Every structure is written in C-alpha cells, then in structure tokens.
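To keep things clear, I will list the structure first and then write my remarks on it.
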Amino acid sequence: MARTNPFTFLQQVRSEVAKVVWPTRNETLVSTIMVLIMVALASVFFLAADQIVAWFVGLLLSIG
C-alpha cells in the first residue's frame, strides 16, 4: 500500500472535514429530547416486564 506524506494526509483530512454537515442547535435539541423520551419509555417497559416476571415466579414458587 502506498504511503501518503503527512502534509498530503492533513490536506485530505481538512477536505473531508469540510464536507461534514454539522447539526443545527434545534436538530440537536430535538434529537436529545427524543432520546430522553425513548429512554424513559424503555425504562418503564423494563420495569413492568421485571415486575410481571417477579410476580409470575413468586406465584410458581408459592404453589409448591
């Protein structure tokens, strides 16, 4: 594989970074809120699933 000299490499890096489209402040805020909502929903789901499984296991163990 051909080696690139450091100067050329840095020029290529700058060229690629210039192509990056950074999110706006509003897009970042909306994405953050959506992530927090999804985390809250997932935590409620797993809490409910854990409680149901615990109840079911308790029911099974109390039969014997």
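Source: prediction; values computed, not measured.
The cluster map of Ile, Leu, Val, Met, Phe, Trp and Tyr, joined by side-chain heavy atoms under 4.5 Å apart, puts Val53 and Leu61 in the same cluster.
Applying the side-chain contact (heavy atoms from CB on, under 4.5 Å) rule to Asn26 yields the partners Thr24, Val30; only residues at least two apart in sequence or on another chain are considered. For the side-chain contact (heavy atoms from CB on, under 4.5 Å) test, residues two or more places apart in sequence or in another chain that qualify with Phe7 are Asn5, Gln11. Remark: Val17 engages Val13 in a side-chain contact (heavy atoms from CB on, under 4.5 Å) (not counting sequence neighbours).
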Output a table of donor-acceptor pairs, distance under 3.5 Å, between side-chain atoms of residues 31-40 and any protein atom two or more places apart or on a different chain; print 'none' if there are none.
{"from": "Ser31", "atom 1": "OG", "to": "Glu27", "atom 2": "O", "distance (Å)": "2.9"}
{"from": "Thr32", "atom 1": "OG1", "to": "Thr28", "atom 2": "O", "distance (Å)": "2.8"}

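Cluster partners of Trp22, using a side-chain heavy-atom cutoff of under 4.5 Å among ILVMFWY residues and allowing indirect links, are Val20.
The salt bridge (charged side-chain N to carboxylate O under 4.0 Å, His left out) analysis of residues 16-25, with sequence neighbours excluded, yields the pairs Glu16-Lys19.
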